[in-house]
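Keep in mind it's a predicted model, so treat the numbers as computed, not measured. Below, all heavy atoms of this structure are taken into account, side chains as well, without hydrogens, waters or symmetry copies.
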Amino acid sequence: MKNKRNLLSCLMILLTGVSYFAVQAQQKNDTHRANFSGEWKSNESISMDGNIVCIYDSDDRMRSKTMKIAEQADFLTIEVPNPSPDVALATSKEKLVFDGKESQIDHGPERGKKFTVKWSADGQTMTVNSLVHLMIHSPYKENPREQMLVSVTEVWKLSNDGKSIIVQAKAKANSEENERSWTTVFDKAN
């Protein structure tokens with residue numbers, strides 16, 4: 001009789017544990033992450049306070065007025081058209097991996113950026129933290145070229161109706177005291 005009680009108690013504890021973990025797994029799967037897939041077009045010209053836009057190369061997604069985004073489980077790719085007249089119908093592609101590890105893009109000698117990408121706990125915003133590096137010309141100095149570093153934080157959010165991406169960005173150069181901020185809205189084109 002005592003063994004039956006112990007067995008019954010153990011089974012109840014085991015059943016309670018299994019039920020608890022099943023409920024927890026179900027709750028985590030219910031988190032709906034925003035999906036940025038599609039073709040997007042800026043609803044206004046891209047302008048950034050204080051002309052910070054010049055830190056980006058011409059084919060960088062931060063300067064593009066259109067984006068084609070394809071989202072996978074662990075990353076998304078962003079294709080933007082290269083505006084250079086020298087390159088016919090070329091596109092630039094950037095891969096944003098959601099693991100929080102640092103990625104890097106080199107735009108040629110002395111230019112590029114390092115960045116990390118993370119989702120918020122609720123899956124509704126994506127944050128991209130970048131460090132853009134380039135060489136700038138400083139007149140009236142003994143060494144006229146110096147490295148400029150610009151820290152940029154972008155917070156991406158999908159509108160409630162899913163028809164717009166709102167990118168709120170802020171940037172601060174290592175040589176400046178003030179932080180600059182801007183918002184760019186991309187509307188779904190397809």
Side-chain angles (χ1 to χ4, degrees), residues 29-134 149-171 180-190:
N29 289 337
D30 285 347
T31 301
H32 174 69
R33 190 170 77 191
N35 186 342
F36 297 118
S37 293
E39 292 185 30
W40 304 89
K41 184 176 181 180
S42 173
N43 66 9
E44 57 189 38
S45 65
I46 296 177
S47 62
M48 300 175 194
D49 184 31
N51 201 21
I52 199 82
V53 75
C54 66
I55 67 168
Y56 297 106
D57 282 359
S58 62
D59 61 344
D60 192 285
R61 66 181 166 73
M62 288 295 292
R63 288 186 72 171
S64 183
K65 294 180 180 161
T66 61
M67 296 187 291
K68 183 176 182 181
I69 301 174
E71 190 166 333
Q72 306 297 318
D74 299 331
F75 65 93
L76 62 82
T77 56
I78 302 174
E79 291 183 23
V80 297
N82 188 331
S84 173
D86 301 334
V87 183
L89 300 175
T91 59
S92 170
K93 189 181 245 185
E94 187 171 342
K95 183 176 181 179
L96 303 180
V97 182
F98 306 139
D99 61 5
K101 294 180 182 174
E102 187 174 84
S103 298
Q104 183 171 330
I105 295 176
D106 288 318
H107 291 290
E110 304 174 332
R111 294 185 67 84
K113 66 179 172 180
K114 295 178 180 181
F115 59 93
T116 60
V117 183
K118 288 187 179 180
W119 281 101
S120 61
D122 66 359
Q124 298 307 299
T125 59
M126 178 179 74
T127 302
V128 182
N129 287 304
S130 304
L131 183 63
V132 179
H133 58 92
L134 62 150
L149 299 173
V150 181
S151 299
V152 182
T153 300
E154 306 163 52
V155 178
W156 291 48
K157 183 167 179 58
L158 193 62
S159 64
N160 290 337
D161 62 5
K163 294 182 180 179
S164 298
I165 297 174
I166 300 97
V167 181
Q168 294 179 316
K170 57 185 176 181
R180 298 173 183 171
S181 61
W182 64 95
T183 300
T184 306
V185 178
F186 291 89
D187 294 325
K188 198 149 200 171
N190 58 356

Residue set satisfying side-chain hydrogen bond (donor to acceptor under 3.5 Å, both in side chains) with Ser103, at least two apart, ordered chain then number -> none

dist Arg33:CZ -> Glu71:CD (nearest 0.5 Å) comes out at 5.0 Å

The side chain to side chain contact (heavy atoms under 4.5 Å, CB included) partners of Asp161 (sequence neighbours excluded) come to Ser159, Lys163

The reported gap from NZ in Lys68 to OG in Ser37 (rounded to nearest 0.5 angstrom) is 10.5 Å

inquiry  = Closer than 4.0 angstrom, basic N to acidic O: yes or no for Lys170 and Glu154?
reply    = no

Hits for ring pair (Phe, Tyr, Trp, His ring centres under 6.0 Å) against Trp40, two or more places apart or cross-chain, chain-then-number order -> none

Under 3.5 Å, sequence neighbours excluded: what are the donor-acceptor pairs made by side chains of residues 73-81?
none

Sorted by chain and number, sequence neighbours left out, salt bridge (Lys or Arg N to Asp or Glu O under 4.0 Å) with Glu94 holds for Arg61, Lys113

Output for pair (Thr116 OG1, Lys101 NZ), nearest 0.5 Å, gives 12.5 Å

side-chain hydrogen bond (donor to acceptor under 3.5 Å, both in side chains) filter on Ser164, not counting sequence neighbours, yields Asp187

Those residues at least two apart in sequence (or on a different chain) that pass ring pair (Phe, Tyr, Trp, His ring centres under 6.0 Å) with Phe36 are Trp119, Trp156

Contact check, side chains of Met67 and Phe186, non-hydrogen atoms, under 4.5 Å: yes

Across all chains, not counting sequence neighbours, the side chain to side chain contact (heavy atoms under 4.5 Å, CB included) partners of Lys118 are none

Taken in chain and number order and not counting sequence neighbours, the residues that satisfy side chain to side chain contact (heavy atoms under 4.5 Å, CB included) with Leu131 are Leu149, Ser151

- Message: Can you confirm whether Ile165 sits close enough to Ile69 that some side-chain heavy atom of one is under 4.5 Å from a side-chain heavy atom of the other?
- Response: yes

Between Phe115 and Ser130 the two heavy atoms that sit nearest each other are CB-OG, 3.5 Å

Sequence neighbours excluded, the answer for side-chain hydrogen bond (donor to acceptor under 3.5 Å, both in side chains) partners of Thr125 is Ser120

For Asn129, the side-chain hydrogen bond (donor to acceptor under 3.5 Å, both in side chains) test, sequence neighbours excluded, returns Thr153

Would Gln124 and Lys157 count as a side-chain contact (heavy atoms from CB on, under 4.5 Å) here? Give the steps.
CA-CA 6 Å; Gln124 298 307 299; Lys157 183 167 179 58; 4.1 Å; yes

Per side-chain contact (heavy atoms from CB on, under 4.5 Å), Gln168 is matched among Thr127, Val185, Thr183 by Thr183

- [ ] Given side-chain contact (heavy atoms from CB on, under 4.5 Å), test Ser42 with Thr66 step by step and report yes or no.
- [x] CA-CA 6 Å; Ser42 173; Thr66 61; over 6 Å; no

